[in-house]
Amino acid sequence: MEHVILAGFTHEPAEKLAAGLRKWVAPELTHLFFSDDGSTAVEVALKLAVQHFSNSGQAEKCEIVALEHGYHGDTAGAMSVSDDSPFTDPFRTMRYPVHRVHSAYCYRCPVGLNRETCHIECVQKFERLLEERGSQIAAVIVEPLLQAAGGMIVHPVEFLQKVRALCTVHDVLLIADEVLTGFGRTGKMFACDLAGVTPDLMCLSKGITGGFLPMGVTLCGDRVESAFHSENRMHTFYHGHSYTGNALACAAANASLQIFADDPVFERIASIARIHAERLAQLRAFSIVGDTRQIGTIGAMELRTDDAGYLSAMRPKLYRFFLDRGVLLRPLGNVVYVLPPYVISADELHQVWDVIVEAVETVF
Ligand SMILES: Cc1ncc(COP(=O)(O)O)c(C=O)c1O
């Protein structure tokens, strides 16, 4: 069982994992497709969305929408839906075109409004696009509520809810990339749960095995899956990786789900969130701190600088400063974030924040 390709075959750890995941996801998401990591889970979702419409006789519905500041992985398709960045720049020619719409980046509002008084007008660019081209669009891909690598940008839940509603009206599939947000990161098992939103496709990885072994899963509902039931063999989803549904990775994922069942994981998550909130409140007093953001176990601050972005000169200085004090943090340019394992102790977490406070006091 060290290696069995999961095509026309199955095994007990995979079946157990499928059953275990179904207990946590929205009841509509009944079907799973295994792959290897976050990027492959995203590739699978995009390809399923496009082939769903082509199998259903709507081959013209093949375009993809993605958000500004999005990040979905480093393979060619995942890079295409990710926003332009230093990560994708050398590969411009390898990326296929997608429609790019606003994200709900409240600190740098794309439509110049203020969250206290706005009505999520940033979603109107997506709305207009769907009104004009909805019949050509297969799917929109989003990192629900938290755009991670793009700068730890936390969205209001209303943004995701409006995206969901617009997708339903225009028959466009909503792909929720929960690769980073899944498995408790945002305070609920999945970020979509916080917004009460059910996506049509969902991508999982990272926390699925507790980080022990690589694994990707893409989930979908009956509607997407049924388009692949056909006598026509051209309607088959011809996608598979050698390590798809690897038995050891499935066993690790089953063990991790068991910890969610047996241990007070969400209490630990709530303790981390409380400490983040307390320490971020302290950091807001510093004038160099432009914005603080938090969702569940992810705490972040955006520092004021003229060279904001991943290549900010702040990044190497901060990285070295933290490392010299025994703390491994990987700032996203001028955005410093803490994304700890759930087993971190309160003392350890405070130690991390103490070093961040020291950096803010002394580095700039
Ligand atoms: C939201 C999101 N999607 C996809 C990926 C890609 O996952 P992987 O690095 O496992 O390919 C990442 C990785 O950071 C991610 O944050």
Side-chain angles (χ1 to χ4, degrees), residues 33-49 64-88 91 94-95 98 103-105 139-155 159-160 163 174-186 188-192 194-195 197 199 201-219 239 241-246 249 252-253 256 293 295-298 300 310 328-333 335 337-341:
F33 193 97
F34 289 99
S35 59
D36 304 339
D37 52 43
S39 300
T40 55
V42 166
E43 300 282 358
V44 167
L46 294 164
K47 288 173 70 175
L48 279 176
I64 304 289
V65 185
L67 299 191
E68 288 164 0
H69 308 291
Y71 175 78
H72 299 283
D74 286 347
T75 53
M79 270 199 308
S80 303
V81 287
S82 301
D83 201 358
D84 304 345
S85 76
F87 309 159
T88 62
F91 312 108
M94 294 173 66
R95 294 166 72 209
V98 302
S103 111
Y105 190 176
V140 58
I141 182 162
V142 301
E143 292 161 90
L145 302 190
L146 175 83
Q147 292 185 293
M152 295 296 158
I153 300 163
V154 180
H155 293 171
F159 179 76
L160 184 60
V163 168
L174 173 61
I175 303 173
D177 175 355
E178 293 248 17
V179 166
L180 190 135
T181 48
F183 301 95
R185 272 284 156 216
T186 63
K188 290 266 192 192
M189 195 60 157
F190 300 108
C192 285
L194 277 175
V197 157
L201 291 136
M202 191 182 207
C203 311
L204 303 177
S205 187
K206 293 194 193 283
I208 193 168
T209 62
F212 278 86
L213 284 170
M215 153 133 302
V217 168
T218 307
L219 293 114
H239 184 114
H241 302 278
S242 305
Y243 289 99
T244 287
N246 176 266
S256 186
R293 305 193 270 268
I295 184 164
T297 64
I298 299 144
Y310 194 78
L328 176 63
L329 290 173
R330 299 173 60 243
L332 297 158
V335 176
Y337 70 96
V338 184
L339 194 151

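Start at 1 and go down the list; that is how both ligands and their atoms are numbered. Throughout, residue positions are numbered sequentially from 1 according to the sequence presented.
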- request: Run the salt-bridge test on Asp37 and Lys206 with the 4.0 Å N-O cut-off and return the result as yes or no.
  value: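 Between Lys206 and Asp37 there is no salt bridge, as every charged N stays at least 4.0 Å from the carboxylate O atoms.
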
- prompt: Considering the options Leu48, Val142, Thr218, Leu201, which one meets the side-chain contact (heavy atoms from CB on, under 4.5 Å) requirement together with Ile175?
  reply: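 The passing option is Leu201.
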
message: Distance under 4.0 Å, heavy atoms only, partner ligand 1: which residues pass?
response: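 If the criterion is a heavy atom under 4.0 Å, then ligand 1 touches Asp37, Gly38, Ser39, Tyr71, His72, Gly73, Glu143, Asp177, Val179, Leu180, Lys206.
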
- request: Could you tell me whether the side chains of Glu43 and Thr40 share a donor-acceptor contact shorter than 3.5 Å?
  value: no

task: Indicate whether the side chain of Ser103 and that of Glu68 have a donor and an acceptor atom separated by less than 3.5 Å.
output: no

message: The test is ring pair (Phe, Tyr, Trp, His ring centres under 6.0 Å); show your working for Tyr243 and Phe34 and say whether it passes.
response: CA-CA 9 Å; Tyr243 289 99; Phe34 289 99; over 10 Å; no

Salt bridge (charged side-chain N to carboxylate O under 4.0 Å, His left out) against Arg330, all qualifying residues, sequence neighbours excluded: none

